[in-house]
Amino acid sequence: MELLENEIRKNGQVLDGGVLKVDNFLNHQIDPKLMQELGNEFARLFQNTGVTKILTVETSGIAPAVFAGLELGVPVVFGRKNKSLTLQDNMYTTNVYSYTKQVSNEISISKDYLSTDDKVLLIDDFLANGQAIAGLLSLCKSAGANVVGIGIVIEKSFQKGRRWIEETGIPIESLARIASLENNEVVFVGEDTK
Ligand code: G4P
Ligand code: NA
Ligand code: NA
């Protein structure tokens, strides 16, 4: 998606270790107009899948997921990383290991908001190794819900996530695909390196 690629070129900062900092529009400050465009694009890409619900994980997946839900006319649920005092039982829970942060986090979702009737579109801000997506898939499996698609805002195609998701056969769409962050330079998939 050209609009997003331009935003990344303009406002993204490449940090050491293959990390792209996009705090200016996605991970800290949020650009609502851009988020709406991203949500509309997800809605367009997945409009024929029969999606009944969008599932994301807090925090940064929520903004694009809400705009996709607005356009598709379906509710948005987010996996919670910290157990809420008022939501103790009645939860599906899974463990997500973050390779970047080298910590394991629980992600939970109430059984009230995911069921065998649901056709779920998963949305997240970044795809690196895909541990967050693996966790969301596991929650859907526990609930017996059917996953009809996966939408990613920024995919780091040089990490492992994309490949194993393709092996599951679930349709995946990433709005920006980054081939390389070497030499502190963003190179998108399909773009020539100099
Ligand atoms: P994975 O889910 O693909 O395996 O990612 P990983 O564990 O490596 O990443 C942990 C967190 O860091 C996730 O956010 C993920 O979205 C984010 N992340 C991974 N690579 C990058 C990157 O290059 N740039 C940025 N900005 N983020 C990256 P999270 O902990 O769930 O945070 P949040 O959603 O609360 O912001
Ligand atoms: Na993040
Ligand atoms: Na995330």
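Numbering of ligands and ligand atoms starts at 1, following listing order. All heavy atoms count here, side chains included; hydrogens, waters and symmetry mates do not. This one's a predicted model, so the numbers in the text were calculated from it and none came from an experiment.
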Examine the proximity of ligand 1 to Asp124 and report which part, side chain or backbone, both or neither, has a heavy atom under 4.0 Å away. neither

Under a 4.0 angstrom heavy-atom cut-off, which atoms of ligand 1 come close to Ala132? 2 (O)

What I want to check is whether the side chains of Asn95 and Asn105 have a donor and an acceptor closer together than 3.5 Å. no

Under a heavy-atom criterion of less than 4.0 Å, does Val57 contact ligand 1? no

Does any N or O of ligand 1 fall below 3.5 Å from an N or O anywhere on Ala128, backbone included? yes

For Tyr113, is the NZ or CZ atom of Lys53 found under 6.0 angstrom from the centre of its six-membered ring and inside 45 degrees of the ring axis? no

If you count every heavy atom of other residues, nucleotides or ligands that lies below 6.0 Å from Glu182 atom CD, does the total exceed 12? no

Are any of the heavy atoms in Gly130 under 4.0 Å away from ligand 1? yes

Atom of Asp125 nearest the Na ion (ligand 3) (restricted to N/O/S, atom name only): OD1

Taking NZ, NE, NH1 and NH2 as the nitrogens, is one of them in Lys10 or Glu7 under 4.0 Å from a carboxylate oxygen of the other? no

Any carboxylate oxygen within less than 4.0 angstrom of a Lys/Arg side-chain nitrogen, looking at Glu167 and Arg163? no

Tightest non-hydrogen contact, residues Gly69 and Val76, listed as CA-CG2, 4.0 Å

Using distance alone, decide if ligand 1 has a nitrogen or oxygen within less than 3.5 Å of any nitrogen or oxygen in Leu20. yes

Run the numbers for me: atoms of ligand 1, each under 4.0 Å from some heavy atom of Asn129, listed by number. 1 (P), 3 (O), 4 (O)

Does Lys141 have more than 12 heavy atoms from other residues, nucleotides or ligands lying within 6.0 Å of its NZ? no

Just let me know how Gln159 lines up against ligand 1, side chain, backbone, both or neither, with a heavy-atom cut-off below 4.0 Å. neither

With heavy atoms under 4.0 Å as the rule, classify the contact between Thr59 and ligand 1 as side chain, backbone, both or neither. both

With a 4.0 Å cut-off, would you call Arg177 and Glu155 a salt bridge? yes

Report the member of Lys156, Lys101, Lys81, Gln131 with the shortest heavy-atom distance to atom 31 (O) of ligand 1. Lys81

Between Asn27, Leu136, Ile62, which one has a non-hydrogen atom sitting closest to atom 26 (N) of ligand 1? Asn27

